[in-house]
Amino acid sequence: DVSVEARAPASIAMAEDAPPSPKPGTEPGPQYADSANREKVTNQVSSFFAGRWNAMGLRVRYYIMLESTWHVVLYATCWRYRPTVAIMESARGREVVTRVGEVLKRWNWTTFTKFGSNVYNSKWKRALAEWTIINKVAAPISFPTKIYIAHVLAKRTQSAEAGAAEAARERNLATQGDSRLASAKEGTS
């Protein structure tokens with residue numbers, strides 16, 4: 001009884017034991033080791049997600065799609081329509097913001113006033129602050145709504161797939177019945 005290693009040619013055994021040769025134009029060293037590590041991690045991550053995505057339930061995939069769409073659309077809306085600026089331009093909104101500012105000053109929360117003055121220096125900071133505020137305020141309503149919508153979409157997809165499978169099975173039975181009928185007619189003639 002000879003083992004597999006004993007039967008392998010010497011050149012194959014040596015190639016397996018040898019360290020990987022560097023890519024052309026690179027020399028072994030810290031850069032090459034880092035590159036190899038990065039490639040290894042990239043391959044692990046991509047294989048993890050490729051394998052896990054198909055293993056995830058349909059509801060989870062719909063939820064991820066809905067959540068991603070929600071965040072992108074909300075940020076774009078905040079960027080374009082500037083909801084806090086619109087609130088500050090109304091008399092009632094300015095009054096509410098002024099009251100909140102007075103309360104914060106009374107409690108000596110200067111951090112928030114500094115934060116507020118820096119937010120409106122650039123569009124992306126303002127949009128990010130508005131996006132955060134809206135997500136925090138809307139979360140009790142939007143989260144269960146997105147879960148429900150994902151559930152409905154998954155059920156709709158599953159019932160459509162089941163209907164398509166049933167129709168295909170009926171077509172197969174119909175064609176088998178037609179072929180049996182045709183062979184029966186040939187046998188009698």
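All values below come from the heavy atoms of this structure, side chains included, with hydrogens, waters and symmetry mates left out. Small disclaimer: the values here were computed from a predicted structure and weren't measured.
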Side chain proximity check, Arg106 to Val103, heavy atoms < 4.5 angstrom: yes

Donor-acceptor contact below 3.5 Å, side chain Arg59 vs main chain Ala150: no

Separation of Leu74 CG from Thr132 OG1 (nearest 0.5 Å): 9.0 Å

Hydrophobic cluster membership, Trp70 vs Val137, 4.5 Å side-chain cutoff: no

Listed partners of Glu95 passing side-chain hydrogen bond (donor to acceptor under 3.5 Å, both in side chains), at least two apart: Arg92, Arg99

Single-linkage hydrophobic cluster, 4.5 Å side-chain cutoff, Ile149 and Leu58 together: yes

Exercise: identify the closest heavy-atom pair between Ser122 and Lys125: OG-CG, 3.2 Å

Minimum side-chain heavy-atom gap Thr175-Arg171 below 4.5 Å: no

CA sep, side-chain torsions, deciding dist, call: Phe143, Tyr63, side chain to side chain contact (heavy atoms under 4.5 Å, CB included): CA-CA 10 Å; Phe143 179 69; Tyr63 176 75; 3.2 Å; yes

Closest contact, heavy atoms only, Cys78 versus Ile134: SG-CD1, 3.8 Å

Derivation of the side chain to side chain contact (heavy atoms under 4.5 Å, CB included) call for Glu67 and Ile64: CA-CA 5 Å; Glu67 195 69 35; Ile64 290 170; 5.8 Å; no

Heavy-atom closest pair, residues Thr84 and Arg126: OG1-CG, 4.5 Å

Residue list, side-chain hydrogen bond (donor to acceptor under 3.5 Å, both in side chains) with Thr157, at least two apart or on another chain: Tyr62

Non-neighbouring partners of His71 that pass ring pair (Phe, Tyr, Trp, His ring centres under 6.0 Å), sequence neighbours left out: Trp131

Where Ala139 and Pro144 come nearest, the two heavy atoms and their spacing: O-CD, 3.8 Å

Connected via hydrophobic side-chain network under 4.5 Å: Leu153 and Ile147: no

Flag, side chain of Arg82 to backbone of Lys123, donor-acceptor distance under 3.5 Å: no

CZ (Arg94) with more than 12 external heavy atoms under 6.0 Å: yes

